[in-house]
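Since the structure comes first, as structure tokens, the remarks are kept for the end.
Numbers for residues simply follow the sequence, beginning at 1.
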Amino acid sequence: MQHLTAAEYWENQSSEALNPFDEKINQTVLSIIHQVKKHGDRAIQSFTEQFDGVKINQLSVTRKEFTEARKSVSTSFVTALTEAAKNIARFHEKQLEKSWFDTSEPGKIIGQKITPLEKVGIYIPGGKAAYPSSVLMNVIPAKIAGVKHIYLTTPPQPDGRINPYVLVAAEITGVETIYKMGGAQSIAALAYGTETVEKVQKITGPGNAFVANAKKWVYGDVAIDMIAGPSEICIVADETARADFVAADLLSQAEHDEAARAICITTSNQQANNIHQELLRQSKKLARKEIINQSLNDQGKMIVVDSLREAFDIVNDIAPEHLELMIEQPLEQLGYIHNAGAIFLGHYAPEALGDYVAGPNHTLPTNGTAAFASPLGVYDFMKKSSVIYYDKAALLKTADPIIELANTEQLTAHAQSVQIRKEEN
């Protein structure tokens, strides 16, 4: 883990954003998209065999597979998943928007019509780990928004089956159609459709660099949630923070991926040393210690600052996916935070709480995009239409300003479309 002062942090900053897509990934993904558009199911099956080592004859999960999955998971898992689903639904129900209409002026109605998307595809990773929690975080907001058709796609296991925990999560949320496919080929299939796979209007869900790259290339033909980079956490820790707590939370993010970023900003050199020692001690006991060690060595940062205000300036520059304020009276400092995907306050709100059961969505902007982007929510599965009604008197009342502006922009046909109504007998 790199140790820096605040001055060294600012000196090392680059104006260039991280780019996970090299030219080799670009060309590979474009080729896959082209093959899927051209050959449909046959291309999906070929790529599944090539990349996942599995020969798939039927892309859709059967009802029998759902039943077998339910039998293979524990009751305690179902209980935990159900509790998480309840909390996630409660949070996201508060995001639901309604259509509105303003009729306050005679002869005029203006408003906004809210309409849910009809078909949504959700990608769930299945490589290094399975993520039933991501099923909940993507499906539940879509359901609350009113999306009628939700199609889930995830890579098959070596035996050709889908991870049972993912299947049970899908069943709990009411998803009936799951495709056995992963990678860039699944994004292409959802974007353009195949003989088996339904074409959707939007694709959401996390994935590796190939999945993210594919989402970049299909955007415009379909909508996407975001182009996600490696996961990241930033913890601001003052002298009141427990070093073992801070280290545990940094490690929880580092275990995701070798490219995951774990950053700690602290107001004390002694605290920095204590946290570093805890990282060394705790990481030895963890199952994914090789991934953790590479993540910390390559991406980890410990930044020592003179004040919390200085820490907050760095936080806002990083715009982290996850931010923990492990400081005294964190709620009073919340106003200084402008850029963060999810903000965890205090010593007993670890990032893992947000990943699973707190309720807010864990699909968050990464790679600095929290400076302008938001967590996944119900609003991502809805679209808005403006509604405008004027009767004749209302139009005539405002005709001259329209004509003036249209003529100023040399759009005479615009002006004429109003003038002809103004001169109506």
Hey, could you give me the SG/CD1 distance between Cys234 and Ile318, rounded to the nearest 0.5 Å? 4.5 Å
CG of Leu152 to OG1 of Thr173: how many Å apart, nearest 0.5 Å? 7.5 Å
If you apply the rule side-chain contact (heavy atoms from CB on, under 4.5 Å), what do you find for Gln185 with Ile32, and how did you get there? CA-CA 6 Å; Gln185 62 270 24; Ile32 290 170; 3.8 Å; yes
Flag the pair Cys264 / Met326 as yes when at least one side-chain heavy-atom distance between them is below 4.5 Å, and no otherwise. no
Treating Lys215 as the side-chain partner and Asp225 as the backbone partner, does any N or O pair qualify as donor plus acceptor under 3.5 Å? no
Enter the distance from Ile265:CD1 to Ile314:CD1 here, rounded to the nearest 0.5 Å. 5.0 Å
Is it the case that the side chain of Asn361 and the backbone of Gly377 share a donor-acceptor pair, with hydrogens and angles ignored and the cut-off at 3.5 Å? no
Could you tell me whether the side chain of Gln95 and the main chain of Val378 form a donor-acceptor pair under 3.5 Å? yes
Looking at every heavy atom in both Ala311 and Val305, which two are closest together, and how far apart are they? CB-CG2, 3.9 Å
Any donor and acceptor pair, going by atom type alone, linking the side chain of Tyr123 with main-chain N or O of Gly183 inside 3.5 Å? yes
Hey, mind stepping through Asp221 and Tyr192 against side-chain contact (heavy atoms from CB on, under 4.5 Å) and telling me if it holds? CA-CA 8 Å; Asp221 293 327; Tyr192 303 109; 2.6 Å; yes
To the nearest 0.5 Å, what is the distance between CD1 (Ile178) and CG (Leu59)? 13.0 Å
Quick one: do the Thr115 and Lys113 side chains pair a donor with an acceptor below 3.5 Å? yes
To the nearest 0.5 Å, how far apart are CD1 in Ile187 and CH2 in Trp217? 15.5 Å
Residue pair Thr366 / Met226, side-chain heavy-atom distance below 4.5 Å: no
Pick from His256, Glu324, Glu321, Arg261: which one makes a side-chain contact (heavy atoms from CB on, under 4.5 Å) with Ile233? Glu324
Are Thr194 and Asp41 close enough that a side-chain donor and a side-chain acceptor fall under 3.5 Å? yes
Test item: Lys301 and Asn12 side chains (from C-beta on) under 4.5 Å apart, heavy atoms: no
Do Val78 and Arg70 come close enough that some side-chain heavy atom pair is under 4.5 Å? yes
What closest approach, in Å, do Ile144 and Ala89 show between heavy atoms, and which atom pair accounts for it? CD1-O, 3.7 Å
Let me confirm one number: the CZ-OG1 distance from Phe210 to Thr28, rounded to the nearest 0.5 Å. 5.5 Å
Charged N-O contact under 4.0 Å between Arg281 and Glu278: yes
N-O pairing of Asp244 and Arg242 below 4.0 Å: yes
Between His92 (side chain) and Ile88 (backbone), is there a donor-acceptor pair under 3.5 Å? yes
Say whether, by atom type as modelled, one donor and one acceptor occur between the side chain of Gln277 and the main chain of Asn274 under 3.5 angstrom. no
Phe101 vs Val387 side-chain heavy atoms within contact, under 4.5 Å: yes
If we ignore angles and hydrogens, is there a donor and acceptor under 3.5 Å between the side chains of Ser46 and Glu49? no
More than 12 heavy atoms of other groups within 6.0 Å of His414 NE2: no
Between Asp380 and Lys202 the two heavy atoms that sit nearest each other are O-NZ, 2.7 Å
Between the side chain of Tyr179 and the main-chain N/O of Glu198, is any donor-acceptor distance below 3.5 Å? yes
Can you name the closest pair of heavy atoms from Asn138 and Pro206 and give their distance? ND2-CD, 4.3 Å
Determine whether Val135 and Val175 make a side-chain contact, defined as any pair of heavy atoms from C-beta on separated by less than 4.5 Å. no
Hey, is OH on Tyr219 packed in by over 12 heavy atoms from elsewhere, all under 6.0 Å? no
Is atom CD of Gln112 surrounded by more than 12 heavy atoms (other residues, nucleotides or ligands) closer than 6.0 Å? yes
Name the orientation class of the two ring planes belonging to Phe245 and Tyr348 (parallel below 30°, tilted from 30 to 60°, perpendicular beyond 60°). perpendicular
Here the pair of heavy atoms bringing Ser268 nearest to Val304 is C-CG1, 4.2 Å
Look at the side chain of Glu310 and the backbone N and O of Asp306, then say whether any donor-acceptor pair between them is shorter than 3.5 Å. yes
Think Arg63 forms a cation-pi with Phe66, using NZ or CZ under 6.0 Å from the six-ring centre and within 45 degrees of its axis? yes
Begin from the C-alpha positions of Phe344 and Asp249 and carry the test side-chain contact (heavy atoms from CB on, under 4.5 Å) through to its verdict. CA-CA 11 Å; Phe344 300 80; Asp249 294 358; over 6 Å; no
Any chance CD of Glu195 has more than 12 other-residue heavy atoms, nucleotides or ligands included, within less than 6.0 Å? yes
Taking the side chain from Thr154 and the backbone from Ile124, do they hold a donor-acceptor pair closer than 3.5 Å? yes
Tell me the closest heavy-atom pair linking Leu136 and Ala84, and the distance in Å. CD1-CB, 3.9 Å
Whether Asn87 side chain and Val357 backbone form a donor-acceptor pair below 3.5 Å: yes
Phe312 vs Ile337, side-chain contact (heavy atoms from CB on, under 4.5 Å): CA-CA, chis, key distance, verdict: CA-CA 6 Å; Phe312 300 148; Ile337 304 302; 3.7 Å; yes
